Amino acid sequence: MSKQRLSSLEVSVSPSSFFALAIVVVCLFFLSPCAIAAAETSPPTAHQRYVPPELQVADPNVRAYLDSAEKSAKLGNDGECLTSLQKALELATKQKSLADKGIVEESLAVYYFTQGKLEDAKSQFVNSLSDGMAVSNLVLQADVLVALATLQQTSGHLDQAMKTVNQALDLSRKSKSLYLESRVLGELSRLQLSAGKQADARASIEEALQIDRVNGYSWKAGHLLYLAWVNAAESKVDKAIEFVTSARDLAVKNEDYLTFVQASESLGQMYVHTGRADEGIRTLELARKGVSEQSKPLFQSPDAYSRAASRPYLKVVLLEALGLAYEAANRPDDAVKSWQDMYDAATTSSSTLARAESARHLADLYKAKKEFTKSIDYYALDAEASASGGNEQSRIEALTLGAVLLFQQGEKEKALKIHEELLPLAKASKNVQLQFLVNLATAEILDGTGRMDRVESALKEAESLVGPDVNVPGVEPSALVELYLRLAGLHESRKEVEQELIALEKALTPAVALANAPKGTKNDKPLGGLVQRLETRIPEYRIRDIGEKAYASGNFGDALVCFELLQYFEESDAAWKGKYEEYTKNINNDPTVARLPAISQKLV
């Protein structure tokens, strides 16, 4: 029974797709970290990218720093890029130009994101939003809110992200900036798709693409990719591949490295999930190099693409895509290498979300390879990184998986330590199922250790979560049977007869549910064992005599408990022996049932 219960504690975790989240965040920043300075005020030609006037700095000296930062970024000199951005911020701050300061802060936030420093990015986005509000720059506010919405999603707060991006949509429409409206509609579509609202997602992305086509905006390649995702969610795989290929081709034409990587990742995954794993892996491997099937460079500047692809955020996206593809192709050794490379890259760049995701996959892979020590270590690293990244749900999942594995390997004290960390998290997230199972597992770990006070508190806390119908949402009946058997054993050891029998009879309800379950999960052994145990205990404890004596002496509360125990046992016993119909037919003549109304009247 304990094995079954432990398996229910091991939550079902599908591989959390950080690659999708990474792509999502990358999509927020089609501009290079410093491209704002070089923007034109008219629609773009060739590979120029249009940027609204509201996102351009006014001061020529601040613009010069941003130009320098952009040049450094293009050459891969990240340190010099950061220095120029910081000087631009210092100058805008010194000049008390909130308008320029807010724009520079957004550029600095994008830089931090490209380095995987999401907390620093968030801080700068918040500063930018504040300055944008102070100068009533609606375009800047909308742009920053989209970024913040995506960061909220990566932390597991999809509902909050949806509210934020809808706020951004209102601002973009008030600003009359079709450029920003298209951008926000695209991100709204992505969030709607994540929330399972496919029809809304399609409507939003089609509206965004219509704006792009009319105005020639550079969002088009990315939005074609989003449309591909919508088609994939609708199981229109052929159309999805058609749209993602178009997005990828347009990205190559426009020298758009970010969208190219996103589209290549999506195309590779689509091939993998349609049974073309080798083709998908080949697509991803070529994308890392930026070359065609004929090994020819796809971009005018192969070195520039190579530098871009080696940056943390794009490197992580490609490595995870490859890791997932290798897993799907049943190539665990290649998968381990990709995830390890991703973990190392994420650690170097302090990207907590990427570190958590790669650690999770490594833990799962090592568990499948039966290298349990490594698996346990990586679950711990996953939990640590998830906590740092603010994703409490992912942290809970990692801790739970690690605790189960520790218990299975006999590391009970270490598992117990994790349980103590899990319980407050489960309570804070109002996860009743997890609270119940962790308390039950804690009682099992401590069984036989002599720490009876902690066993009792764990069992009592678990019981406090049980509803009046002897049910806990998401908890299997077998776990409820185990709870009450453990409580009965606890009371038996203390010679608390009445409480022992109450616990045993409470166990009957989930035991009956197991006995009446569908064929695949049907199990009548717990019910049979309980009935036999009660058949022994009730006469042995002389419950009827105790009830009669309690009634005669005026202790009607005790009498009621005894006769209710007898009545419920007789009913369950009849059902177990196939005599329930006979029992109900003769119920009016049953002496136990006849006593209950009289006792109740005496109590009143």
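Small disclaimer: the values here were computed from a predicted structure and weren't measured. Just so you know, these numbers use all the heavy atoms, side chains as well, and skip hydrogens, waters and symmetry mates.
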Can a side-chain donor-acceptor contact be found between [Y] and [X] if the only test is distance below 3.5 angstrom?
{"X": "Gln152", "Y": "Thr164", "result": "yes"}
{"X": "Glu357", "Y": "Trp339", "result": "no"}
{"X": "Ser388", "Y": "Thr352", "result": "no"}
{"X": "Gln153", "Y": "Ser194", "result": "yes"}
{"X": "Ser386", "Y": "Asn391", "result": "no"}
{"X": "Ser264", "Y": "Arg248", "result": "yes"}

Given side chains that start at C-beta, do those of [X] and [Y] come closer than 4.5 Å, heavy atoms only?
{"X": "Leu405", "Y": "Ser375", "answer": "yes"}
{"X": "Ile241", "Y": "Arg276", "answer": "yes"}
{"X": "Leu55", "Y": "Leu140", "answer": "yes"}
{"X": "Glu461", "Y": "Thr442", "answer": "no"}
{"X": "Thr373", "Y": "Gln409", "answer": "no"}
{"X": "Leu169", "Y": "Ser172", "answer": "yes"}
{"X": "Arg360", "Y": "Ser394", "answer": "yes"}
{"X": "Tyr343", "Y": "Leu381", "answer": "yes"}

What heavy-atom pair brings [X] and [Y] nearest, and what distance separates the two atoms?
{"X": "Ala247", "Y": "Leu225", "value": "CB-N, 3.7 Å"}
{"X": "Gly222", "Y": "Thr259", "value": "N-CG2, 3.8 Å"}
{"X": "Leu85", "Y": "Ser107", "value": "CD2-CB, 4.0 Å"}
{"X": "Ala462", "Y": "Leu483", "value": "CB-CD1, 3.9 Å"}
{"X": "Leu191", "Y": "Leu158", "value": "CD2-CD1, 3.7 Å"}
{"X": "Leu480", "Y": "Val472", "value": "CD2-CG2, 4.0 Å"}

For Tyr378, which of Glu371, Gln340, Lys367 qualifies under side-chain hydrogen bond (donor to acceptor under 3.5 Å, both in side chains)? Gln340

Given side-chain contact (heavy atoms from CB on, under 4.5 Å), test Asp78 with Arg311 step by step and report yes or no. CA-CA 10 Å; Asp78 293 341; Arg311 289 178 183 244; 3.2 Å; yes

[Y] backbone acceptor or donor facing [X] side chain under 3.5 Å:
{"X": "Thr283", "Y": "Glu279", "value": "yes"}
{"X": "Ser204", "Y": "Asp200", "value": "yes"}
{"X": "Ser123", "Y": "Asp120", "value": "no"}
{"X": "Ser189", "Y": "Ala201", "value": "yes"}
{"X": "Gln141", "Y": "Gly132", "value": "yes"}
{"X": "Asn439", "Y": "Gln435", "value": "yes"}
{"X": "Thr348", "Y": "Asp344", "value": "yes"}
{"X": "Ser351", "Y": "Thr347", "value": "no"}
{"X": "Asn231", "Y": "Leu227", "value": "yes"}
{"X": "Ser128", "Y": "Gln124", "value": "no"}

With rounding to the nearest 0.5 Å, note down the distance linking [atom1] in [X] to [atom2] in [Y].
{"X": "Leu108", "Y": "Leu82", "atom1": "CG", "atom2": "CG", "result": "6.5 Å"}
{"X": "Asn431", "Y": "Glu392", "atom1": "CG", "atom2": "CD", "result": "12.5 Å"}
{"X": "Leu365", "Y": "Lys337", "atom1": "CG", "atom2": "NZ", "result": "14.5 Å"}
{"X": "Ser338", "Y": "Leu284", "atom1": "OG", "atom2": "CG", "result": "9.5 Å"}
{"X": "Tyr366", "Y": "Asp377", "atom1": "OH", "atom2": "CG", "result": "10.5 Å"}
{"X": "Asn166", "Y": "Leu145", "atom1": "CG", "atom2": "CG", "result": "11.0 Å"}

Is it the case that atom [atom1] in [X] sees more than 12 heavy atoms from other parts of the structure closer than 6.0 Å?
{"X": "Lys430", "atom1": "NZ", "value": "no"}
{"X": "Asp238", "atom1": "CG", "value": "no"}
{"X": "Asp159", "atom1": "CG", "value": "no"}
{"X": "Arg288", "atom1": "CZ", "value": "no"}
{"X": "Lys369", "atom1": "NZ", "value": "yes"}

Charged N to carboxylate O under 4.0 angstrom, [X] versus [Y]?
{"X": "Lys506", "Y": "Glu463", "answer": "yes"}
{"X": "Asp341", "Y": "Lys315", "answer": "no"}
{"X": "Arg395", "Y": "Glu421", "answer": "yes"}
{"X": "Arg355", "Y": "Asp382", "answer": "no"}
{"X": "Glu482", "Y": "Arg486", "answer": "yes"}
{"X": "Arg451", "Y": "Glu413", "answer": "yes"}

Stepwise, does the salt bridge (Lys or Arg N to Asp or Glu O under 4.0 Å) test hold for Glu420 with Lys417? CA-CA 5 Å; Glu420 301 299 342; Lys417 186 177 180 181; over 6 Å; no

Given the rule in the salt bridge (Lys or Arg N to Asp or Glu O under 4.0 Å) test, do Asp334 and Arg331 qualify, once you have shown the distances and angles that lead to the verdict? CA-CA 6 Å; Asp334 289 328; Arg331 292 166 58 177; 2.9 Å; yes

Which of these passes side chain to side chain contact (heavy atoms under 4.5 Å, CB included) with Leu406: Leu416, Ile376, Ile445? Ile376

Let me see the working for Glu234 and Lys239 under salt bridge (Lys or Arg N to Asp or Glu O under 4.0 Å), right down to the final yes or no. CA-CA 10 Å; Glu234 295 171 342; Lys239 292 295 293 183; over 6 Å; no

Run the side-chain hydrogen bond (donor to acceptor under 3.5 Å, both in side chains) check on Tyr379 and Asp364 step by step: do they pass? CA-CA 8 Å; Tyr379 281 132; Asp364 290 343; 2.5 Å; yes

Does Glu207 form a salt bridge (Lys or Arg N to Asp or Glu O under 4.0 Å) with Arg173? I'd like the steps, not just the answer. CA-CA 13 Å; Glu207 185 178 353; Arg173 285 172 171 164; 3.4 Å; yes

Angle class for the His223/Tyr226 ring planes (parallel below 30°, perpendicular above 60°, tilted otherwise)? tilted

